[in-house]
Amino acid sequence: MHVLILGGTTEARALAGLLHGEVRVTSSLAGRVASPRLPAGEVRIGGFGGVDGLVEWLAGHAVDAVIDATHPFAERISFNAARAAATAHVPLLALRRPGWVPGEGDDWRSVASLEEAARALDGLGDRVFLTTGRMGLAAFAACPQWFLVRSVDAPDVPVPARTEALLDRGPFTLDGEREILARHRIDVVVTKDSGGAATAPKLTAAREAGLPVVVVRRPPVPSGVPVAATPEEAAAWVASR
């Protein structure tokens, strides 16, 4: 059995580790990070060339099942995967970590896009901790606020005129997030609803500091695609094929 994992996430690496040695597993990484953490098994890096390219790859490599374990905001590849799997008649599962849920004391502002997040900053303060990654910063380029932009690699241009880059990779600690908010005198945090524990401490630190958090809602999984919440659930799905 040959399983293709569309990966790049912590859950994708964990799933590859669970499946390696049980089935043939190939993990596909987008190649947007300069030094990615490689999973167990075979690895390919780069795009497929759209839906048609993915359909051709599935057929040419005798893939029996596809697991979309990409980032919850990797909307294009998720919809391409759904169309390609349906065309190739290959079963598809989406592996999505549960989203975050606000708790008592949280001051969250839910928005639908990065552009809406930029507009939501008006009146929330001048110093922004932007933790949405290096892609999509153009949405904030015209904002007058000062931004601390955290990403694994250097941010893409255009960026806001007043920007400081913080190059770092999770998981992050609560003490570390507290220190960042205090040292940079942060007024507001902007994040995507990525879910998971690796980057969640910033939410706790913001709540403790009484800071508002602008949260970009994640896009939906393509219609008709079953969803697993953990690598173990995804591995059980593979075993049932």
Side-chain angles (χ1 to χ4, degrees), residues 1-48 54 57-58 61-82 84-85 90-100 131-135 150-154 167-174 176-177 191-203 218-219 221-222 225-241:
M1 184 178 189
H2 186 193
V3 177
L4 173 65
I5 300 176
L6 304 175
T9 60
T10 301
E11 290 77 16
R13 290 191 297 274
L15 176 59
L18 291 173
L19 296 180
H20 183 55
E22 301 295 328
V23 299
R24 179 187 174 191
V25 57
T26 300
S27 295
S28 178
L29 308 181
R32 291 175 178 165
V33 176
S35 300
R37 295 172 178 169
L38 298 181
E42 302 172 36
V43 178
R44 68 173 301 279
I45 296 178
F48 291 95
L54 180 51
W57 201 94
L58 295 177
H61 293 79
V63 173
D64 299 294
V66 179
I67 298 179
D68 172 15
T70 57
H71 192 276
F73 284 83
E75 189 172 8
R76 177 178 298 178
I77 184 59
S78 292
F79 278 85
N80 283 354
V90 174
L92 170 67
L93 176 76
L95 173 55
R96 294 287 187 273
R97 70 188 77 143
W100 292 317
T131 66
T132 57
R134 67 187 180 95
M135 309 295 290
R150 181 164 67 191
S151 60
V152 176
D153 296 318
L167 303 186
D168 202 357
R169 186 200 305 260
F172 302 106
T173 66
L174 179 55
E177 302 293 63
T191 186
K192 293 177 177 178
D193 180 17
S194 301
T199 60
K202 64 191 169 193
L203 302 173
R218 59 175 62 177
V221 172
V225 177
V227 179
T230 66
E232 290 76 16
E233 288 181 19
W237 178 84
V238 170
S240 70
R241 308 316 300 173

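None of these values were measured; they are calculated from a predicted model.
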> Please examine the side chains of Trp237 and Pro91, heavy atoms only from C-beta on, and report whether any two atoms are closer than 4.5 Å.
yes
> Would you say that Lys202 contacts Thr131 through its side chain, given a criterion of any heavy-atom pair below 4.5 Å between the two side chains?
yes
> How far apart are the closest heavy atoms of Gly7 and Ala12, and which atoms are they?
CA-CB, 3.5 Å
> Measure the NZ-OG1 distance between Lys192 and Thr199 for me, rounded to the nearest 0.5 Å.
11.5 Å
> Should the pair His2 and Trp57 be assigned to parallel (<30°), tilted (30 to 60°) or perpendicular (>60°) ring geometry?
tilted
> Enter the distance from Arg13:CZ to Leu18:CG here, rounded to the nearest 0.5 Å.
13.0 Å
> Does CZ in Arg241 sit with more than 12 non-hydrogen atoms of other residues, nucleotides or ligands closer than 6.0 Å?
yes
> Could you check if a side-chain atom of Leu4 sits within less than 4.5 angstrom of a side-chain atom of Leu54, using non-hydrogen atoms only?
yes
> What is the distance from atom CG of Leu29 to atom OG1 of Thr9, rounded to the nearest 0.5 Å?
9.5 Å
> Give me the atom names and distance for the closest heavy-atom approach of Ala84 to Leu58.
O-CD1, 4.2 Å
> Any idea which heavy atoms bring Ala228 and Glu233 closest together, and the distance?
CA-OE1, 3.6 Å
> Pro219 versus Phe79: any side-chain heavy-atom pair under 4.5 Å?
no
> Mind listing the closest non-hydrogen atom pair of Pro98 and Ala229 along with its distance?
CD-O, 3.9 Å
> Given Leu15 and Ile5, is the side chain to side chain contact (heavy atoms under 4.5 Å, CB included) satisfied, shown in steps?
CA-CA 8 Å; Leu15 176 59; Ile5 300 176; 3.9 Å; yes
> Before giving the answer on side chain to side chain contact (heavy atoms under 4.5 Å, CB included), spell out for Trp100 and Thr191 the whole-Å C-alpha distance, their side-chain angles and the decisive distance to 0.1 Å.
CA-CA 11 Å; Trp100 292 317; Thr191 186; 3.8 Å; yes
> For the atom pair OG (Ser28) and CG (Asp68), what is the distance rounded to the nearest 0.5 Å?
10.5 Å
> Show the numbers, then the answer: is there a side chain to side chain contact (heavy atoms under 4.5 Å, CB included) between Leu167 and Ser151?
CA-CA 5 Å; Leu167 303 186; Ser151 60; 3.9 Å; yes
> When you measure from the side chain of Arg24 to the backbone N and O of Thr26, does any donor-acceptor pair fall under 3.5 Å?
no
> With no hydrogens and no angle check, do the side chains of Ser78 and Arg96 hold a donor and an acceptor under 3.5 Å apart?
yes
> In Å and rounded to the nearest 0.5 Å, what is the CG to CZ distance from Asp193 to Arg218?
5.0 Å
> Considering all heavy atoms of both residues, which atom of Val25 and which atom of Ala40 are nearest to each other, and what is their separation?
CG1-O, 4.3 Å
> Any heavy-atom pair between the side chains of Arg97 and Ser194 that's under 4.5 Å?
yes
> Between the side chain of Arg169 and the main-chain N/O of Phe172, is any donor-acceptor distance below 3.5 Å?
no
> Within the structure provided, determine whether Met135 and Phe73 are in side-chain contact (heavy-atom separation under 4.5 Å).
no
> Under 4.5 Å between any side-chain heavy atoms of Ile77 and Leu6, yes or no?
yes
